[in-house]
Participant: 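For reference, the structure I am asking about is given below.
Chain naming here is simple, since letters A, B, ... match the order of the sequence lines and numbering starts at 1 in each.
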Amino acid sequence: MVPLIAVFLGILIGAVVMLLSGYNPIAGYSALLRGIFSDSYYIGETIRTMTPLILSGLAVAFAFRTGLFNIGVEGQVIVGWLASVYVGIAFELPKIIHLPMAILVGAIAGALWGFVPGLLKARFQVHEVIVTIMMNYIALYTANYLIRAYLLVPGERTETISPSASLASPFLESMTDYSRLHYGFIVAAIGCLVMWFLLWRTSKGYELRAVGFNQHASRYAGMNVERNIVLSMIISGSFAGVAGAMEGLGTYGYMSILSGFSGIGFDGIAVALLGANTAVGVVFASFLFGGLQIGALNMQSRAGVPTELIDIVIALIIFFVASSYIIRWVMNRIKKEGI
Amino acid sequence: MDIMQILALVIPAAIYAAAPLILTALGGLFSERSGVVNIGLEGLMVVGAFTGIVVTLALEGMGLGIASTWIAMIAAVVIGALFSLFHAVASITFRADQIVSGVALNFLAVGLTVFLIRLFYGKGQTDYIRNRIYREDVPFLSDIPIIGPLFFANAYVTSYIAIALTLVVYYVVFYTPFGLRLRSVGEHPMAADTMGIHVNKMRYIGVMLSGAFAGLGGAVFAVTVSGNFSGTTIVGQGFMALAALIFGKWNPLGVLGAALFFGLAQALSITGAQIPLLANVPSVFLLIAPYVLTILALAGFVGRAEAPKAIGKPYVKGSR
Amino acid sequence: MSYVIEMNNIRKEFPGIVANDNITLQLKKGEIHALLGENGAGKSTLMNVLFGLYQPEKGEIVVRGERVEITDPNVANRLGIGMVHQHFMLVDKFTVTENIILGNEPKKAGRINIKKAAKEVEEISNRYGLKVDPHAKIENISVGMQQRVEILKTLYRGADILIFDEPTAVLTPQEIQELINIMKMLVKEGKSIILITHKLKEIMSVCDRCTVIRRGKGIGTVEVKDTDPDKLAEMMVGREVNFGVEKEPAQPKDVVLSVKDLIVKDARGVNAVNKLNLDMKSGEIIGLAGVDGNGQSELIEAITGLRKVETGTISLNGKNITNYKPRRVTESGIGHIPEDRHKHGLVLDFTIGENMVLQTYYQKPFSSSGILNYPEIYNKARELIEDFDVRTPSELTPARALSGGNQQKGIIAREVDRSPDFLIAAQPTRGLDVGAIESIHRRLVMERDKGRAVLLMSLELDEILNVSDRIAVMYEGEIVAIVDADKTNEKELGLLMAGGQTRKEGEAE
Amino acid sequence: AGEEEAPGTEEDPMTEETAPEEEEAVGAEDFTVGMVTDVGGIDDKSFNQSSWEGLVEFGQEFGLEEGTDYRYLQSSDIAEFEPNLRNLVREDVNLVWGIGYLMEDAIRTIAQQVEEAQLAIVDSVVTDEEGTPISNIANITFKEHEGSFLVGVAAGLQTEGNKVGFIGGVEGALIKKFENGFKAGVKAVNPDAEIIVQYAESFNNPDRGAQIANTMYSQGADIIYHAAGDTGNGLFTEAINRARNDENVWAIGVDRDQHEEGEYGDGQSVTLTSMVKRVDTAVYLVSERTMNGDFPGGEILEYGLDDEAVGIAPSTDNMSEEALQAVEKYKAQIQAGDISVPQSDEEYEEYLSSL
Ligand SMILES: Nc1ncnc2c1ncn2[C@@H]1O[C@H](COP(=O)(O)OP(=O)(O)OP(=O)(O)O)[C@@H](O)[C@H]1O
Ligand SMILES: Nc1ncnc2c1ncn2[C@@H]1O[C@H](COP(=O)(O)OP(=O)(O)OP(=O)(O)O)[C@@H](O)[C@H]1O
Ligand SMILES: [Mg+2]
Ligand SMILES: [Mg+2]
């Protein structure tokens, strides 16, 4: 209930902003909606946008569940992207091996990037927030350097990966009127299951959560706190790495030199928080994010409303979800006094 | 280049790059010392940079000259403080998760400012301002041998302001009743409450000060470094400021040191390409050096940074 | 009759609960007034209302004959009401002086005049015999010292009505005695005191009158000299309470746990346990007595694998388990009811059900091949909740929502259920009401009778004397004496704990 | 460098292989054209802005309506290139422009999927897997090296310390053309001059730009040329900083006349000159051709000195008479084919040895 009200309030205030600044909110929002649902192309694009967001959201959510704040998802996405693309370019293998291997290597790269802050936190109690911020920059510059030095082709990017490592699907593309929809959404769906299962159905997940909540009690109960912290960051990082692989193997088929952060990791923070750090919540939140971002393009194109309006709406939605306490309080008041 | 020349190049550049970080991190210090995490520093800087540029442009247009820039910086302080109310209301009064609220603030800041820029100017970025803060030699002091050229020649007034404010903040936080109360609220709000201190009021003040300082930080960045405003003017400086705050262990002097360290590493990474000794090092190593060094420093000699105890938790009377 | 405080018909509700229901409490000038009630009866709530932290829904407060609205602690301070809270309200990183002056700082040119403040603190502390170092940091001083700081805080503000909320729960016997002396002196100075405590003996020895509340309702006020502990307890819980622990004489058999020449260092690197030797047999309860800080905690941590053993050995049933990891220690057959239930005993955000398998979640039937079996976990949880009378709405309730007594019962259920050969119970009844204490003591004796060895660490001599079969007294990291519980008394133990020699008179202070 | 026909902006700049196209002239009343900018947007003081100016001029000339008949979409990150381009294509816009070489992949994908679309790209040549240009994409490129050569000549003549600098945005084939053209120009008139080169690894980091310029000036370079987009604005900041402290330093602008960016005090400017690149002209011309049914799909249009599409800016206050004359002289020589301006590092090496 609260998330719905939050979305409604965010959209409502967005409409007010449009009105105040001389746009027609009805035209704006109908263009937005058409830009999400009106035909298969938009639906395809929305799902494609959601795919990495789901995975980066899972990465953040997983860490959160185990008491860690992984701001480093962005960097883990970047290294995962690069590593998977490298595997896609460097090897010639049958698809059944090549594709899983490329995704796996993306995951490993992300895991490695998560391992560093995890280890530092476990061994030296270094605050994971700064280390992950630093690791983001290191990932960005290192990836750009590696591309420029070893993988560059004209166009500021790496070569295109071999088809045997690609998630792209002419079938899905033609189904959706040439959107860039690829099989990555299946990977994302599996990711959700994995996260849920790992956290809530395995004894390792029990340990990870226990350590996240109370390290002293976990140590008392014979768990290895340090190892669990590191493991948690590794798992979180692998989700992020796979998110990167979705871009590398699915959407683009290559990696460009990045002029700045991809944004996938930072959006992942918002997605996770909006989705209350649950797998299902993350899916819904990514849909909201992905849909709004794709719809915003149509809104700009058809109704002339700047895409930034959507950033405002998203911010407000996050704000209202976070303020659920007050929404509930108001709802209680209304219930008591009304009727 | 000889060593003196390199230092004369790198040290002023470090101070120059550090100034916005110092200011913003000092802002974060007020907020976090009062017990409110502030991931929203980035967004507050955005708002500060936006205000700094928009106000300067407007006043310049009215013919105020360099005064417009100074007025704009003051405006950024005010607007930054007001904008931070968003975070304050959400995380203090509405008891929102402070991290979530900060993330929302960042999104809102970028969306809103760029939206407004489009509304005001019909395009995605502003023009360049004409009245920037430029470098000056400090009279007399710049003539001192060695120290002069390093610290007092070719310097920005704003850097001195940042350093002076650091000392002021240090004094306020550790030597005044206000500082003691602010810290007590961040350490043990219930204890403060029983001593008759209004916890939420102190936290509002802390967060609004963070808005004021980060707003100034953003404005200083805009009027000394970027000269105009767009959605990409502030990219990550707020997070670096947050890192400086943690690296500096929530202590103003530590923050100053951390920010200068970041500034130095950054200046070296740029200048390094032209320093004979470093010229053959692949530029990527220089680029990532600040970040790697920070991590090593944290793991090695700086060690564990202890955050204010009650940080991140909304204060609800009577809960334990 | 003039009262300094009259709280008339106070009602205070929390969502779903009426914490105070029409309670009346009247405090005379110069008296020590006890407030007694089970855990959760509403004592702290009532006092927080008086102190301005909560606003009552109904009722009036009259201070020195005038009706007042105490809207926040500032008002209370102005009225001369000071409170020493159940959970200390001290900022760890601040100095003693800073904590005392907080909110009321002497100023000089805009800055805190710390010199003047420290001097004032010193003056007050000398006047009332509350020795403290004004410049020490709270995190570096003992609990007893911290309590003095709490008292100084109220005195610094000129309070003449003092509320003490369970001040003795965390103190050593010596410290308790000191506190009692201080309280007596304070009333002599004309101050009035409300004292909350679960220890009926304390009430009997220092208080003039006692108000009893039960489940939020006022039961009545009695003159202490006209009553006795049994009557008080009955008033409090509504039935007769049996204090003495009923048990048969112990029938010790083989040595279960044997500690030889153990040396353990504490966090500062000092030998906290120093060449300690101790044997514990099955079928007996050994009480571990000692003043807080004499190495008891470190000894237990060393046995359970939470702290490194420098030299010496620990063996369980003849098997050397020195420096085993906590998990192997547990699996070898040791149960541990930890001293700090919130820090070590529970994951407060887990459900009480999940907490019931904190030691066994990875074993069959709770999980197989790494996959958890929740139906089994919750079956077990329901069973334990039933058996150990843990009062919780359901096994799915977060542990955080349970009262301290019930949290403790949950931990005991979990540890006892694994049938360990050796059970450590560290301060198992701290802060609990007599009803809860009674059931926990019974449970420990039951375990003994099943043939287990039980180590009971407690700072309460009553508890040690009542429950143990033999008592080991620890002093400066060593066991200085082992005595039979029925052949000793409080006085002797107190002497031993202070470092005096057995049966040698005249060495005590 | 290819041979060109007579100069003049009114005429078709390219006639090499006018592939016969099927489509009819649409006529001004129904013709629609759109462009997709990269992150910079239409006010980036650089080529997005220039492209848009070309399109606006075209629209106004032929009475089209802004927003419906001609318009632009701004991308807020590279992931949006393709959806934005496709949005226009899906709306059956007659000609869709992608501005900047980064859009190469997006344009290629769409062109191959939607064969009836008519697309154009600036600063790049889009080829299929075999390396042949794709038939429904018009490729617009510029001879930036030629223009850069001319500003190099100016710098070579006006430097006083015999040291000049070049700041590149992101290293790659495109910016190398600027670098090598510039270096060749400097060496042509001043073989002893030393040239410091540094890449900022970013097109939108004026902060780095300023610090790089600072270092170069400190080492004695007195003229710096940039091809670094927004990063280059840091160069002007630094140059002004120094000029205000009475140092004798200059900056050379790029893409547009950057005289204004260098202004300080009353009416002075640190901008020595700028290398202009008339993307607007190219956009205008190709749009017009397409409207007239002559879409240059599959062609590589290379605009150079001949078309006045690259060259030196009109503001010449700060140039010496000698430099202006030399620039004219070398311009004629390049047009005549007497000088072949190097584009890549290898060509530059060759060029040096031929001096
Ligand atoms: N902040 C709160 N929110 C909701 N309910 C509360 C709160 N504080 C106390 N209560 C409720 O009020 C009742 C009385 O609590 P209180 O802390 O006053 O008990 P107490 O008598 O001090 O117990 P103890 O002896 O354990 O200290 C409790 O049963 C609890 O349910
Ligand atoms: N903040 C709170 N919100 C809701 N319920 C509370 C809160 N604090 C306490 N309670 C409720 O109060 C009851 C008794 O709590 P209380 O903390 O007084 O127990 P306790 O035995 O005194 O615990 P402790 O030993 O930790 O002091 C419990 O049933 C618990 O659910
Ligand atoms: Mg209690
Ligand atoms: Mg209580």
Participant: Using only heavy-atom distances, determine whether the side chains of D193(B) and Y315(B) contain a donor-acceptor pair under 3.5 Å.
Facilitator: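 Judged by distance alone, the side chains do pair up.
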Participant: Could you tell me which portion of A117(C) (side chain, backbone, both or neither) has an atom closer than 4.5 angstrom to a non-hydrogen atom of chain B?
Facilitator: neither
Participant: Heavy-atom distances under 4.5 Å only: say whether P189(B) touches chain C with side chain, backbone, both or neither.
Facilitator: neither
Participant: Using heavy-atom distances under 4.5 Å, tell me whether F14(C) contacts chain B through its side chain, its backbone, both, or neither.
Facilitator: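 F14(C) has no heavy atom closer than 4.5 Å to chain B.
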Participant: How many angstroms lie between CD1 in I74(B) and CD1 in I79(B), if you round to the nearest 0.5 Å?
Facilitator: 12.5 Å
Participant: Test your reading of the model: is there a side-chain donor-acceptor pair from Q98(B) to the backbone of N38(B), 3.5 Å cut-off?
Facilitator: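 Not a single qualifying donor-acceptor pair exists.
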Participant: Nearest heavy-atom pair of G52(B) and A76(B): which atoms, and what distance?
Facilitator: N-CB, 4.3 Å
Participant: With chain C, which of A191(B), A192(B), G179(B) has the greatest number of heavy-atom pairs at distances under 4.5 Å?
Facilitator: A191(B)
Participant: Indicate whether the side chain of H198(C) and that of E166(C) have a donor and an acceptor atom separated by less than 3.5 Å.
Facilitator: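 There is such a pair (donor and acceptor under 3.5 Å, judged by atom type) between the side chains of H198(C) and E166(C).
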Participant: Using non-hydrogen atoms only, which part of N113(C) is less than 4.5 Å away from chain B: side chain, backbone, both, or neither?
Facilitator: neither
Participant: Would you find more than 12 non-hydrogen atoms of other residues, nucleotides or ligands less than 6.0 Å from Y175(B) atom OH?
Facilitator: no
Participant: What part of L90(C) gets within 4.5 angstrom of chain B, counting heavy atoms only: side chain, backbone, both, or neither?
Facilitator: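 Just the backbone, heavy atoms under 4.5 Å.
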Participant: Heavy-atom distance under 4.5 Å to chain C: side chain of F174(B), backbone, both or neither?
Facilitator: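 For F174(B), no heavy atom lies under 4.5 Å from chain C.
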